[in-house]
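Read through the structure below, which is laid out as C-alpha cells, and then see the notes.
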Amino acid sequence: MMNTKYINWSLETGFCQEELQEAVAIIQAGGLVAFPTETVYGLGGNGLRKEAAKKIYAAKGRPSDNPLILHIGKMEQLDGIVKVIPQAARKLAEAFWPGPLTMVFEKADCVPYETTGGLDTVAVRMPEHDGALDFLSAAQVPVAAPSANTSGRPSPTLAQHVKEDLDGKIDMIIDGGAVGIGFESTIVDMTEAVPVILRPGYITREMLAEVVGEVVMDPALMSVKADVAPKAPGMKYRHYAPSAEMTVFRGDEEAVISHINDLIKKYVEQGNYQPEEIGILATEESAMRYPMGQVITVGSRKEDNAGKYLYGALRQFDQYAVKIILSESFYDSKKNEAIMNRLLKAAGQHVIDVEMD
Ligand code: TXA
Ligand code: MG
C-alpha cells in the first residue's frame, strides 16, 4: 500500500500550480495519477514507458492483453506516436477533438507493446476537459489511461469512485468533481479503408459519417452471442458490471413496469428474495411505481441523459448489496446505442423482451 495524495481541480479555480507540478513529476517518474475527463476518470501513466503500463495493469487488476488509450493535450503530440495520420483521421480530429472520440492508428516504434497490449496499433484521444488538457499539456508525454476503476467494476464518474477502487494503489487522484458524459469514448479504427466503430459512444456513427462518409460498426458489437470476437480487446470482457445478477427488460414502458412488479411479487411470495435484496433501475418518472424493492434512478427520461448516471447507479447497487437487479431500458434519443451497449454489458447480455398484453 502507498499513500495516495488527493488534489483538486475545478473549472472556476483550475489547479494549484504546485500541485499540478507534483502530478507532472509523478508521471515523469513513472508513477500513476488518476484524472477527470469529460467521459469517465482515467488512470494515467507515462505512455512511452513500459513500467508505467505494467503498474497500470497491476493497479486495476486488468489483463495485460487489453490495450490502453494514449491521451494527448495538443495535436502536435499525435505525430510522434503514430506512423501515419490518414486524411479521414485528420478530418475527424478537426471535427471532434478535443472530445469523446478515440482513434486507432498504426503505432510508432516509440510506443511500447506493453501500452498497446502487444498490438501494432495504438488508440489515441484528446479529452474535452480543461483540467485534463492542462494536466496532459504539462506532462509533455502522451499519458496512457484506461478508466480508473478496478477491472470489471463500473467506470468511475466521481473521484469518490476512484478512491473506492484504487486508494493506496496509486500515487495521486485529481478530484475534478462529476464528469459530464458518464460513459467511455467512441472508439474508431482508422487503419481500415472504411473507419470501423469498435466501441459505441457519445459520438455516433451518424456524426462521424457526416464528416468522413461511410463508417461501419464492428460486427461483434451487434451480436448478442459471444461467437464473434470484437476488435477492441477490452470489449470481450464482462465490463461495467455490478456484483448482482442483472436483467434488462425491453419493451413498452408501462408493460415493463408492470412486468417487473409482477416478478418482484412472485420472488417475494415464493421466498426467493427479500424485498430489500431486489434492486430496480428506473427513472425519476417511474421510481414511484415500484412499491417493493430498492429503486435507484438514472435521472429523468425527459432530460435524456441516463448515460451520465448509469455507472454511479450500478455502484450504488453494490453498496446496497442487492442480490438481483431488474432494469428498465433507457432509450436515449441520440446516444441510445452507446447506453444500451453499456447496460447490456452490465447485465451480461441478459435481456428479456416484454410483450404488451
Ligand atoms: O473515455 C474513455 O475512452 C476513457 C477515458 C479515461 O479516456 N478511457 C477508457 O479506457 O475507456 P479503457 O482502457 O477502459 O478502454 C479502452 C478500450 C478497450 O476496450 C481496449 O481494448 C480498446 O480501447 N483499445 C485500446 N487500444 C486499442 C487498439 N490499439 N486497438 C483496438 N482497441 C483498442
Ligand atoms: Mg474501462
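Both ligands and their constituent atoms are indexed starting at 1 by order of listing. It should be emphasised that the depicted structure is a prediction, and the values quoted were computed from it without experimental measurement. Residue numbers run from 1 in the order of the sequence given.
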If you measure every N/O of Lys60 against every N/O of ligand 1, is any gap under 3.5 Å?
-> no
Identify whether the distance between the nearest side-chain nitrogen and carboxylate oxygen of Lys74 and Glu76 falls below 4.0 Å.
-> no
Which atoms from ligand 1 have a heavy atom of Thr39 less than 4.0 Å away?
-> 1 (O), 2 (C), 4 (C), 5 (C)
So for Asp189 against ligand 1, with non-hydrogen atoms under 4.0 Å, the contacting part is neither
Atoms in ligand 1 flagged as close to Arg125, the criterion being non-hydrogen separation under 4.0 Å | 1 (O), 2 (C), 3 (O), 5 (C), 7 (O)
Lys107 charged N/C atom sitting above Tyr113 aromatic ring, 6.0 Å / 45° | yes
Any atoms of ligand 1 less than 4.0 Å from a non-hydrogen atom of Ser185? List them with their elements.
-> 1 (O), 2 (C), 3 (O)
Could you check whether the rings of Tyr267 and Tyr273 sit parallel, tilted or perpendicular, using 30° and 60° as the cut-offs?
-> perpendicular
Output the list of atoms in ligand 1 that are nearer than 4.0 Å to some heavy atom of His71, sorted by atom number.
-> 5 (C), 6 (C), 7 (O)
Which of the listed options, Thr37, Leu119, Ile56, holds the heavy atom that is closest to atom 30 (N) of ligand 1?
-> Leu119
Which of the atoms in ligand 1, numbered in the order shown and given with their element, are less than 4.0 Å from a heavy-atom of Thr121?
-> 28 (C), 29 (N), 30 (N)
Between Asp165 and Arg153, is there a side-chain N and carboxylate O pair less than 4.0 Å apart?
-> yes
Answer yes if the side chains of Ser155 and Glu184 hold a donor-acceptor pair under 3.5 Å, and no otherwise.
-> yes
Residue-ligand contact Lys107/ligand 1, heavy atom below 4.0 Å = no
Does Ile69 come within less than 4.0 angstrom of ligand 1, counting non-hydrogen atoms of the residue?
-> yes
Answer side chain, backbone, both or neither: which part of Arg62 comes under 4.0 Å from ligand 1, heavy atoms only.
-> side chain
Numbered atoms and elements of ligand 1 in range of Pro67, under 4.0 angstrom, heavy atoms = 20 (C), 21 (O), 24 (N), 25 (C), 26 (N), 27 (C), 33 (C)
Should the proximity of Ile187 to ligand 1, defined as any heavy atom under 4.0 Å, be assigned to the side chain, the backbone, both, or neither?
-> side chain
Could you list which atoms of ligand 1 come closer than 4.0 Å to a heavy atom of Ala123?
-> 25 (C), 26 (N), 27 (C), 29 (N)
Identified side chain to side chain donor-acceptor pair (under 3.5 Å) counterpart of Ser185 within the set Arg199, Glu128, Glu38 | Arg199
Does a salt bridge link Arg289 with Glu328, judged by any charged N lying under 4.0 Å from a carboxylate O?
-> no
For the Mg ion (ligand 2), decide whether Ser155 has an N, O or S atom at a distance under 2.8 Å.
-> no
Heteroatom distance test (Glu184, ligand 1): nitrogen or oxygen, under 3.5 angstrom | no
Nearest to atom 14 (O) of ligand 1 by heavy atom, Gly201, Ser147, Gly42: which?
-> Ser147
Using the six-membered ring of Tyr6, assess whether NZ or CZ of Lys163 lies under 6.0 Å from its centre and within 45 degrees of the ring axis.
-> yes
Separation between CD1 (Ile81) and OG1 (Thr116), nearest 0.5 Å, reads 12.0 Å
So, Lys302 and Glu285, do they make that salt bridge, N to O below 4.0 Å?
-> yes
Would you check if there is a donor-acceptor pair between the side chains of Glu303 and Tyr309 at a distance under 3.5 Å?
-> no
